[in-house]
S.K.: 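Here it is: the structure, laid out below.
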Amino acid sequence: MTKPRPSDLGVLGFRYLGSHEVEELADLWGALHQRHTVTAPHLQEIIGTMSLEESWRRRRAQYLQWLRDPGTMAILAEHDGDLAGYAMVTIRDNALGSWDRGDRVAVVQTFAIDPEYTGTGVGSKLLEEMRNQLGSSGVRDIEFSALATSSEDIGFLEEEGFQPLTTTMVCRVGGLGAHD
């Protein structure tokens, strides 16, 4: 089957998943896991990667935990019965800080698009659905992390109106310190 291109995507449906449906996300998580390891090979030396099986086992457990909270959304995008992508979104209380971001902030924990749907508008439509749901529940801000080495993801987010807020740095506890 040939996947649609941007001009012929047509209707995209959304389904909100419960914990009993999490297993449907395994293949899309697998594609995202693979993309992460290819996009950021430099992290292998610092924090290492794990097998796809272990990665899914851990992520699945995390999804089940998050979905215990009624504010969590697992949104699956479908096209003609095909799984095109999904978003796992949690809500956290917003600690007062330097910016007025409202009482609650949405955190996109996972945003995975089937590689064959890249460039078809699935990501934009999934974000639109997410924004509609979050806006109707009074959430004003969305936090969305992207790998620093993924210029495609960062470019997509900027096109969708996201702006950089913080940069997350990582190292092992026993890692090297500052050099004088």
Side-chain angles (χ1 to χ4, degrees), residues 1-40 43 47-92 104-139 141-147 150 152-157 159-160 162:
M1 178 173 134
T2 302
K3 300 286 181 178
R5 294 295 10 134
S7 61
D8 62 358
L9 182 63
V11 176
L12 189 63
F14 298 100
R15 189 161 43 103
Y16 289 76
L17 304 181
S19 57
H20 63 284
E21 300 164 300
V22 164
E23 204 58 44
E24 292 184 51
L25 306 176
D27 289 343
L28 290 169
W29 172 260
L32 183 62
H33 172 78
Q34 173 65 25
R35 187 162 188 273
H36 284 165
T37 59
V38 169
T39 304
L43 294 177
I47 56 178
T49 59
M50 65 182 70
S51 71
L52 172 57
E53 294 76 21
E54 180 62 13
S55 173
W56 173 243
R57 185 189 71 73
R58 291 180 184 197
R59 198 55 163 185
R60 182 183 181 282
Q62 184 66 72
Y63 287 169
L64 294 174
Q65 182 179 345
W66 284 328
L67 285 167
R68 289 185 193 124
D69 182 333
T72 296
M73 295 186 300
I75 310 169
L76 181 64
E78 298 176 301
H79 179 261
D80 289 339
D82 205 16
L83 305 183
Y86 75 96
M88 180 67 68
V89 183
T90 60
I91 307 294
R92 69 167 174 78
R104 299 175 308 139
V105 174
V107 180
V108 178
Q109 302 290 350
T110 308
F111 194 82
I113 304 301
D114 182 314
E116 294 189 43
Y117 280 93
T118 299
T120 65
V122 168
S124 294
K125 289 181 178 184
L126 184 54
L127 272 175
E128 180 181 1
E129 177 70 12
M130 185 185 353
R131 284 178 164 137
N132 290 337
Q133 290 300 317
L134 292 168
S136 68
S137 68
V139 173
D141 284 0
I142 301 170
E143 292 180 359
F144 199 128
S145 296
L147 288 172
S150 182
E152 289 177 11
D153 292 347
I154 293 168
F156 166 74
L157 291 169
E159 288 173 13
E160 291 291 333
F162 288 83

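Counting begins at 1 with the first residue of the sequence.
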S.K.: Could you tell me which residues satisfy salt bridge (charged side-chain N to carboxylate O under 4.0 Å, His left out) with Arg35, sequence neighbours excluded, listed by chain and number?
M.R.: Glu152, Asp153
S.K.: Nearest 0.5 Å, what's the NE2-OG distance between His33 and Ser51?
M.R.: 6.5 Å
S.K.: Within the supplied structure, the quantity of interest is the number of heavy atoms (other residues, nucleotides, ligands) at a distance under 6.0 Å from Asp27 CG; does it exceed 12?
M.R.: no
S.K.: Using ring-ring contact (aromatic ring centres under 6.0 Å, His included) as the criterion, list what pairs up with Phe111, not counting sequence neighbours.
M.R.: Phe144
S.K.: Apply the test salt bridge (Lys or Arg N to Asp or Glu O under 4.0 Å) to residues Arg58 and Glu54: give CA-CA distance (whole Å), side-chain angles for both, the deciding distance (0.1 Å), then the verdict.
M.R.: CA-CA 6 Å; Arg58 291 180 184 197; Glu54 180 62 13; 2.7 Å; yes
S.K.: Which residue pairs pass the salt bridge (Lys or Arg N to Asp or Glu O under 4.0 Å) test when at least one of the two sits in residues 12-26, sequence neighbours left out?
M.R.: Arg15-Glu21, Arg15-Glu24, Arg15-Glu78, Glu23-Arg60
S.K.: Any pair with a residue in residues 121-136 that passes salt bridge (Lys or Arg N to Asp or Glu O under 4.0 Å), sequence neighbours left out, goes on the list, sorted by first then second residue, please.
M.R.: Arg131-Glu160
S.K.: Does Asp141 have any salt bridge (charged side-chain N to carboxylate O under 4.0 Å, His left out) partners at least two apart in sequence or in another chain, and if so, which?
M.R.: Arg101
S.K.: Rounded to the nearest 0.5 Å, what separates atom CG in Leu127 from atom CG in Leu134?
M.R.: 10.0 Å
S.K.: At what distance, to the nearest 0.5 angstrom, does CG of Leu67 lie from CG of Leu17?
M.R.: 8.0 Å
S.K.: Just by distance, with hydrogens left out, do Trp29 and Thr110 show a side-chain donor and acceptor under 3.5 Å apart?
M.R.: no
S.K.: Distance from Asp114 atom CG to Leu83 atom CG, nearest 0.5 Å?
M.R.: 8.0 Å
S.K.: Identify, with sequence neighbours excluded, every residue that meets side chain to side chain donor-acceptor pair (under 3.5 Å) alongside Thr90.
M.R.: Gln109
